[in-house]
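One structure is given below, encoded as structure tokens.
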2 protein chains.
Amino acid sequence: MAKAQFDRNQVVERSIKLFWQNGFNASSMQQVVKNTGLQPGSIYLAFGSKEGLFREALEEYARKSKECIRKRLDSAPSIGDGICALLDEMVEDSLRRNYCSCFLIKTQLELAAQRNEFYDFAAAQLAGIEELYRSYLAREFDADLSRKRASSLMLHIFGVKVYSYQRDSTARMREGLHEGLPWLPWPQQQPGNV
Amino acid sequence: MAKAQFDRNQVVERSIKLFWQNGFNASSMQQVVKNTGLQPGSIYLAFGSKEGLFREALEEYARKSKECIRKRLDSAPSIGDGICALLDEMVEDSLRRNYCSCFLIKTQLELAAQRNEFYDFAAAQLAGIEELYRSYLAREFDADLSRKRASSLMLHIFGVKVYSYQRDSTARMREGLHEGLPWLPWPQQQPGNV
DNA sequence: CACAAACTTGAACGATCGTTCAAATAATAT
DNA sequence: ATATTATTTGAACGATCGTTCAAGTTTGTG
């Protein structure tokens, strides 16, 4: 018997890129064929359907996203510092030429009307990320404040993931983040201001 | 010569509903035919293409959105009160069974990868809305603070438009908004809390 | 009423969609 | 080496996509 000849992980990675960029509906299986180098039959044998491939891509993206947050917060001198670093990365990310917001958010907005499994999954994962932040904040603040600040933080993160599409938005985003999240230990006040 | 027999405005309104709900790609012209009652030929004579109809729908949505903001802020006792009322409406809106976020934001996220005219239009309109808030805030705050608070407000609005898809999110959103926008004259502190 | 212009109709078009499957090929077991 | 099984191939399928257009109908004009 022959083993799988292709690197499943690489196929999933390239599918993440495609689906993340264009969304579910605007990504065709023919683009998948082109981007992965696999033939239709191989894809369908391995993933069953377009939905199957999308599911695996979305799950992998969510897994990596949470892993990334945990790593950052675990390695930071304080939770606040870690969150500042994460927010700063998000703002920096908006400068990339092919900025793509967040795969989970895009999936939720695109597929909300159909209320399908992907919408539910994305919602659950985003809720999981809020819970992740809350649990970290709970190490430094009381339960009530942790909950409130996690909510406020999520509002800002969602905001950044949309605001990033605006032209020359990085400076305004940073200002807005400082305004709305004054309890975070921002590296330094922007010089010569108020 | 015969005049147009159908109500163009009604067709645009129904197209807004369809496109807003499902997005550009997931809305088919056959659904438009079904929802408007018009035949394909009539639609193409009046709007030229799917893009043409979408353009008119998006433009009308943007026009009404800005009008709605102006009305609210003009009729409020203060800018802050008006903004609170608008935010409260957005939070309330998330309880509707067919909540659809914001047509401009959804369009931007869906069509960003193609960098087409609709993406540019949506971005410009959202920038216009931020400018609208800034100009109103400038009546009560100095230029620098108005700019910062308009940015912070937009981050929160974008945040609400995404966060609203989360289950039972209204209470957490309200908390998050109070946390992040403490300079607004919120009607009353939630009772029996901190 | 007759004519012309405006508008509606809806079957049909080519393109592309997601998907299938019989045949070819490659890898393993005997 | 041979048989068997796993995998790949890629042409082709039916469905649906956005769109067209010749024919039919309605409306305004003279």
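Every chain is numbered from 1 and lettered A, B, ... according to where its sequence line falls, protein lines coming before strand lines.
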Check your understanding: For B:Leu45, which contact category applies under a 4.0 Å heavy-atom criterion: base, sugar-phosphate, or nothing?
Key ->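 Result for B:Leu45 = base.
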If you look only at distance, which donor and acceptor atoms sit under 3.5 Å apart when one is on a side chain in residues 34-42 of chain A and the other is two or more places apart or in another chain?
| unit_1 | atom_1 | unit_2 | atom_2 | d |
| --- | --- | --- | --- | --- |
| A:Asn35 | ND2 | A:Gln31 | O | 2.7 |
| A:Thr36 | OG1 | A:Val32 | O | 2.7 |
| A:Thr36 | OG1 | A:Leu38 | N | 3.3 |

Gap between atoms [atom1] and [atom2], on [X] and [N] respectively (whole Å):
X	N	atom1	atom2	value
B:Gln39	C:dT8	CD	C1'	8 Å
B:Ile43	C:dG10	CD1	C1'	12 Å
B:Arg8	C:dT8	CZ	P	11 Å

Exercise for review: Any chance you could lay out the side-chain contact (heavy atoms from CB on, under 4.5 Å) test for B:Leu111 and B:Asn25, step after step, and finish with the verdict?
Suggested key: CA-CA 9 Å; B:Leu111 304 178; B:Asn25 288 304; 4.1 Å; yes
Check your understanding: Counting only side-chain N and O atoms of B:Gln5, is one of them less than 4.0 Å from OP1 or OP2 of D:dT27?
Key ->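 Yes, B:Gln5 has a side-chain N/O under 4.0 Å of OP1/OP2 on D:dT27.
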**Study point:** Contact summary for B:Asp120 and B:Arg115, nearest pair of heavy atoms
**Key:**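 The answer is OD2-O, 4.5 Å.
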Practice item. Please answer whether the main-chain N or O of A:Lys161 pairs with a side-chain N or O of A:Ser101 as donor and acceptor at a distance below 3.5 Å. Key: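 A pair under 3.5 Å: yes.
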Check your understanding: Between the side chain of A:Gln166 and the main-chain N/O of B:Leu126, is any donor-acceptor distance below 3.5 Å?
Key ->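 No: the side chain of A:Gln166 does not pair with the backbone of B:Leu126.
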Review point. Can you give one letter per nucleotide of nucleotides 16-22 of chain D, 5' to 3': B if a protein heavy atom sits under 4.0 Å from the base, S if only from the sugar-phosphate, - if neither?
Key: -BSBBB-
**Study point:** Residue pairs involving residues 58-87 of chain A (criterion ring-ring contact (aromatic ring centres under 6.0 Å, His included); sequence neighbours excluded)
**Key:**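 Counting only pairs at least two positions apart or across chains, the ring-ring contact (aromatic ring centres under 6.0 Å, His included) contacts touching residues 58-87 of chain A are A:Trp20-A:Tyr61, A:Tyr61-A:Phe103.
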